[in-house]
J.: 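Can you read through this structure? Questions will come right after.
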Amino acid sequence: MIELTPPAAREIRRWQNSHRRDGSYLRLGIRSGGCSGLYYTLELTDTSWESDRTHESQGIRVLVDSCDEPRVRDLKLDYAEDLMGGGFRFSNPDAVNPCSCGLSFSVG
């Protein structure tokens with residue numbers, strides 16, 4: 001199950017509103033790359049694919065491709081602001097070797 005914190009949900013809703021995409025899905029993906037081998041992607045989409053699994057948290061519908069789902073099954077997505085600006089923070093108990101940026105990881 002994917003969990004969004006209240007700050008993450010607020011930021012996603014702000015993102016949807018600013019792009020005039022109210023009610024759109026948030027697509028969470030994993031791609032090859034980064035310093036640890038894999039990295040997360042986030043995008044708004046109005047379309048779900050046959051291979052997608054739908055999760056809902058904080059009233060936000062999150063799509064994950066079935067191939068990526070085992071790697072993010074217990075992921076917690078947060079949003080925080082600091083002196084460098086705001087950004088999403090990924091907490092994934094299945095991730096190993098996360099890099100210092102917090103976006104790149106590998107799985108065991």
Side-chain angles (χ1 to χ4, degrees):
M1 171 144 164
I2 295 171
E3 178 186 350
L4 303 178
T5 65
R10 279 192 299 274
E11 180 61 16
I12 292 163
R13 285 189 193 94
R14 187 199 64 74
W15 196 19
Q16 289 171 323
N17 290 335
S18 70
H19 288 89
R20 297 185 177 141
R21 307 276 300 268
D22 293 339
S24 61
Y25 298 100
L26 176 71
R27 181 176 300 284
L28 170 64
I30 296 177
R31 300 292 174 261
S32 295
C35 37
S36 293
L38 300 170
Y39 68 94
Y40 301 104
T41 62
L42 294 174
E43 69 175 316
L44 297 178
T45 183
D46 296 318
T47 307
S48 67
W49 303 326
E50 191 173 312
S51 62
D52 283 336
R53 301 295 178 257
T54 305
H55 302 264
E56 187 165 335
S57 180
Q58 302 284 335
I60 305 285
R61 295 174 299 165
V62 181
L63 299 178
V64 178
D65 188 276
S66 59
C67 294
D68 292 338
E69 192 167 35
R71 297 179 187 161
V72 298
R73 67 175 166 246
D74 293 319
L75 182 125
K76 183 176 183 179
L77 183 61
D78 191 17
Y79 182 84
E81 294 192 22
D82 56 26
L83 293 175
M84 300 301 290
F88 287 102
R89 310 291 193 256
F90 299 87
S91 177
N92 185 346
D94 295 327
V96 295
N97 294 334
C99 70
S100 61
C101 72
L103 298 179
S104 182
F105 67 100
S106 60
V107 289

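Note: hydrogens, waters and symmetry copies are ignored here, and every other heavy atom, side chains too, is used. Values in this document were obtained by computation on a predicted structure and should not be read as measured data.
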J.: Within the distance-only criterion (no hydrogens, no angle test), does the side chain of Asn92 pair as donor or acceptor with the backbone N or O of Arg71 below 3.5 angstrom?
T.: yes
J.: Which distance, rounded to the nearest 0.5 Å, do you find between the CE of Met1 and the NZ of Lys76?
T.: 11.5 Å
J.: Are the side chain of Arg61 and the backbone N or O of Gly23 linked by a donor-acceptor pair below 3.5 Å?
T.: yes
J.: Check salt bridge (Lys or Arg N to Asp or Glu O under 4.0 Å) between Arg73 and all other residues, then give those that pass, not counting sequence neighbours.
T.: Asp94
J.: Using side-chain heavy atoms (C-beta onward) and a distance below 4.5 Å, is Leu63 in contact with Trp49?
T.: no
J.: Determine whether Leu77 and Leu26 make a side-chain contact, defined as any pair of heavy atoms from C-beta on separated by less than 4.5 Å.
T.: yes
J.: Looking only at heavy atoms, which two atoms of Ala95 and Tyr40 are closest? And how far apart?
T.: CB-OH, 4.4 Å
J.: Indicate the atoms forming the closest heavy-atom contact of Leu4 with Ser57, along with that distance.
T.: N-OG, 2.9 Å
J.: Is it true that a side-chain atom of Glu11 and a backbone atom of Phe88 form a donor plus acceptor pair closer than 3.5 Å?
T.: no
J.: With sequence neighbours excluded, what pairs up with Asp74 under the side-chain hydrogen bond (donor to acceptor under 3.5 Å, both in side chains) test?
T.: none
J.: Is there a path of hydrophobic side-chain contacts, each under 4.5 Å between heavy atoms of I/L/V/M/F/W/Y residues, joining Val64 to Leu38?
T.: yes
J.: How far apart are the closest heavy atoms of Arg21 and Leu44, and which atoms are they?
T.: NH2-O, 3.4 Å
J.: Under 4.5 Å between side-chain heavy atoms, hopping through other hydrophobics if needed: is there a path connecting Leu42 to Val62?
T.: yes
J.: Within the distance-only criterion (no hydrogens, no angle test), does the side chain of Asp68 pair as donor or acceptor with the backbone N or O of Asp65 below 3.5 angstrom?
T.: no
J.: Looking at Thr41, is its backbone amide N or carbonyl O close enough to the side chain of Arg27 to form a donor-acceptor pair, meaning the two atoms are under 3.5 Å apart?
T.: no
J.: Rounded at 0.5 Å granularity, tell me how far NE2 in His55 sits from CD in Glu3.
T.: 13.0 Å
J.: Take Tyr79 and Ile12 through the test side-chain contact (heavy atoms from CB on, under 4.5 Å) and record every step on the way to the result.
T.: CA-CA 9 Å; Tyr79 182 84; Ile12 292 163; over 6 Å; no
J.: Hey, could you give me the CG/CD distance between Leu75 and Glu69, rounded to the nearest 0.5 Å?
T.: 11.5 Å
J.: Partners of Tyr25 by ring-ring contact (aromatic ring centres under 6.0 Å, His included), sequence neighbours excluded?
T.: none
J.: Cluster question for you: counting only ILVMFWY and a side-chain heavy-atom cut-off of under 4.5 Å, with indirect links fine, are Phe90 and Ile60 together?
T.: yes
